**Q** 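Before anything else, here's the structure in question.
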Amino acid sequence: MIFTIAIDGPAAAGKGTISKAVAAHFGFAHLDTGLLYRAVGAKTLQGTPAIAAARALQASDLETDNLRTPDVAQAASKVAVIPEVRSALVDFQRAFARRLGGAVLDGRDIGTVICPEAEVKLFVTASAEVRAKRRFLELIGKGHDTTQAEVLADVKARDDRDMNRAEAPLKPADDAVLLDTSTLSIDEALQAALGAIAEKLPDA
Ligand code: DC
């Protein structure tokens, strides 16, 4: 079976948690496409030019632990505006999306650019303040030294860059189901996502 679930939305809206749980629920493969941009961003912080880094990206580059830092997130958002970086990453994402056995991809442009034919498209969002609070708690939980105001400024800077870039800007596909997680628990958000997906499953 080829069945793609595209989950897009801004930073820290809950896409990652929902995507992992949805993939586990259906036994589908999962690709966090933000990791591709984070891996390229991390290489630029070490001095490799962005386009060269994207063209040479290897699966092993995604396995390092240091891709989840605020510096790498900002670098990822910066390299993500470069059309040649995006195009270097397209084929891998499209092949993953249409693999046999079902796939869940989360990112910014999965439903609009990478897989407009996805059987289900979700756009997961939440207010910037709620997202910043979640990311702040996650970061201090990992021992990062930061403040909620700093995280909010980072989230807003990333939103602005991701939504206003010329190439594949962050926006819901016309046929995406919108899911605002601002006032939902993780379980409520997951149940809402599973409900939207169930309606589109072939034997539903
Ligand atoms: O989802 P994330 O926070 O790990 O993504 C990091 C950055 O990568 C994000 O700010 C923008 C970019 N990105 C993108 O442009 N397109 C995607 N499909 C996924 C991420």
Side-chain angles (χ1 to χ4, degrees), residues 4-20 22-23 29-45 50-51 53-54 57 61-98 103-116 118 121-126 128 130-139 142 144 146 151-173 176 179 181:
T4 310
I5 302 174
I7 303 187
D8 290 305
K15 303 184 301 291
T17 308
I18 292 174
S19 301
K20 268 189 227 122
V22 162
H30 171 228
L31 179 64
D32 168 1
T33 65
L35 275 187
L36 304 174
Y37 293 91
R38 284 173 184 262
V40 175
K43 297 252 176 194
T44 65
L45 295 177
I51 298 170
L57 202 68
D61 295 326
L62 309 181
E63 283 156 19
T64 54
D65 294 335
N66 59 356
L67 298 181
R68 298 266 171 221
T69 67
D71 286 352
V72 170
Q74 289 297 338
S77 173
K78 286 180 190 160
V79 300
V81 307
I82 304 169
E84 292 88 346
V85 166
R86 305 199 71 83
S87 62
L89 304 176
V90 164
D91 288 350
F92 175 74
Q93 295 175 83
R94 289 204 173 132
F96 192 98
R98 300 318 263 169
V104 180
L105 285 83
D106 70 279
R108 302 290 187 288
D109 62 340
I110 308 305
T112 50
V113 174
I114 298 298
C115 196
K121 297 176 191 173
L122 300 181
F123 193 84
V124 181
T125 187
V130 166
R131 290 185 285 120
K133 182 160 186 204
R134 287 179 189 157
R135 188 48 54 89
F136 169 70
L137 293 174
E138 190 184 315
L139 287 170
K142 285 191 205 158
H144 286 274
T146 186
V151 178
L152 179 60
D154 263 18
V155 159
K156 286 185 169 169
R158 223 145 53 94
D159 282 358
D160 184 48
R161 210 181 292 116
D162 295 349
M163 291 191 291
N164 295 311
R165 66 184 177 218
E167 189 85 9
L170 169 65
K171 62 171 183 200
L179 180 56
T181 67

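Below, each value reflects all heavy atoms present in this structure, side chains not excepted, and no hydrogens, waters or symmetry copies. Note that the structure is a prediction, hence the values are computed from the model and not measured. For ligands, and for the atoms within them, numbers begin at 1 and follow the listed sequence. Each residue takes its place number in the sequence, starting with 1.
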**Q** I want to know if ligand 1 touches Asp109 in the polar sense, i.e. an N/O pair below 3.5 angstrom.
**A**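 Yes, Asp109 has an N/O under 3.5 Å of an N/O on ligand 1.
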
**Q** Salt bridge check: are Asp109 and Arg86 linked by an N-O gap of less than 4.0 Å?
**A**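 Looking at Asp109 and Arg86, the cut-off is met.
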
**Q** What about Asp106: any of its N or O atoms under 3.5 Å from an N or O on ligand 1?
**A**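 No, Asp106 has no N/O under 3.5 Å of an N/O on ligand 1.
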
**Q** Hey, does the side chain of Ser77 reach the backbone of Gln74 with a donor-acceptor pair shorter than 3.5 angstrom?
**A**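 It does not hold such a pair.
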
**Q** Give the atom numbers and elements of ligand 1 that come within less than 4.0 Å of a heavy atom of Ala76.
**A**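 The atoms of ligand 1 under 4.0 Å from a heavy atom of Ala76 are 6 (C), 7 (C), 8 (O).
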
**Q** Would Arg158 count as a polar contact of ligand 1, with the cut-off being nitrogen or oxygen pairs under 3.5 Å?
**A**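 The answer is yes, given that Arg158 and ligand 1 share an N or O pair closer than 3.5 Å.
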
**Q** Before you tell me yes or no, could you show the steps for Thr181 and Arg134 under side-chain hydrogen bond (donor to acceptor under 3.5 Å, both in side chains), namely the whole-Å CA-CA distance, both residues' side-chain angles and the distance that decides it to 0.1 Å?
**A** CA-CA 11 Å; Thr181 67; Arg134 287 179 189 157; 3.1 Å; yes

**Q** How far is atom 16 (N) of ligand 1 from its nearest protein heavy atom, and which residue and atom is that?
**A**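 Among all protein heavy atoms, the one nearest atom 16 (N) of ligand 1 is Arg86 NH2, 3.1 Å.
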
**Q** So which heavy atom in the protein is nearest atom 1 (O) of ligand 1, and how far is it from that ligand atom?
**A**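 For atom 1 (O) of ligand 1, the nearest protein heavy atom comes out as Arg108 NH1, 2.8 Å.
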
**Q** When you measure from the side chain of Arg131 to the backbone N and O of Ala13, does any donor-acceptor pair fall under 3.5 Å?
**A**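 Absent.
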
**Q** Inspect the contact between Asp32 and Arg38 and indicate whether a charged nitrogen and a carboxylate oxygen are less than 4.0 angstrom apart.
**A**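 No salt bridge links Arg38 with Asp32.
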
**Q** Does any N or O atom in Arg135 lie less than 3.5 angstrom from one in ligand 1, N or O only?
**A**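 The answer is no, given that Arg135 and ligand 1 share no N or O pair closer than 3.5 Å.
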
**Q** Can you name the nearest heavy-atom pair linking Lys43 to Asp61, along with the distance?
**A**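 Closest approach of Lys43 to Asp61, heavy atoms only: NZ-OD1, 3.2 Å.
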
**Q** Check ligand 1 against Ala80 and write out every atom of the ligand that is under 4.0 Å from a heavy-atom position of the residue.
**A**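 Once the distances to Ala80 are compared, the set is 12 (C), 15 (O).
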
**Q** Pull out every atom of ligand 1 sitting under 4.0 Å from any heavy atom of Arg165, numbered as shown with elements.
**A**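 Per the distance check, 14 (C), 15 (O), 16 (N).
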
**Q** Please answer whether the main-chain N or O of Ile7 pairs with a side-chain N or O of Asp106 as donor and acceptor at a distance below 3.5 Å.
**A**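 Flag not set: sc Asp106 to bb Ile7 has no pair under 3.5 Å.
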
**Q** Which residue and atom name correspond to the protein heavy atom nearest atom 19 (C) of ligand 1, and how close is it?
**A**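 The protein heavy atom lying closest is Thr33 OG1, 3.4 Å.
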
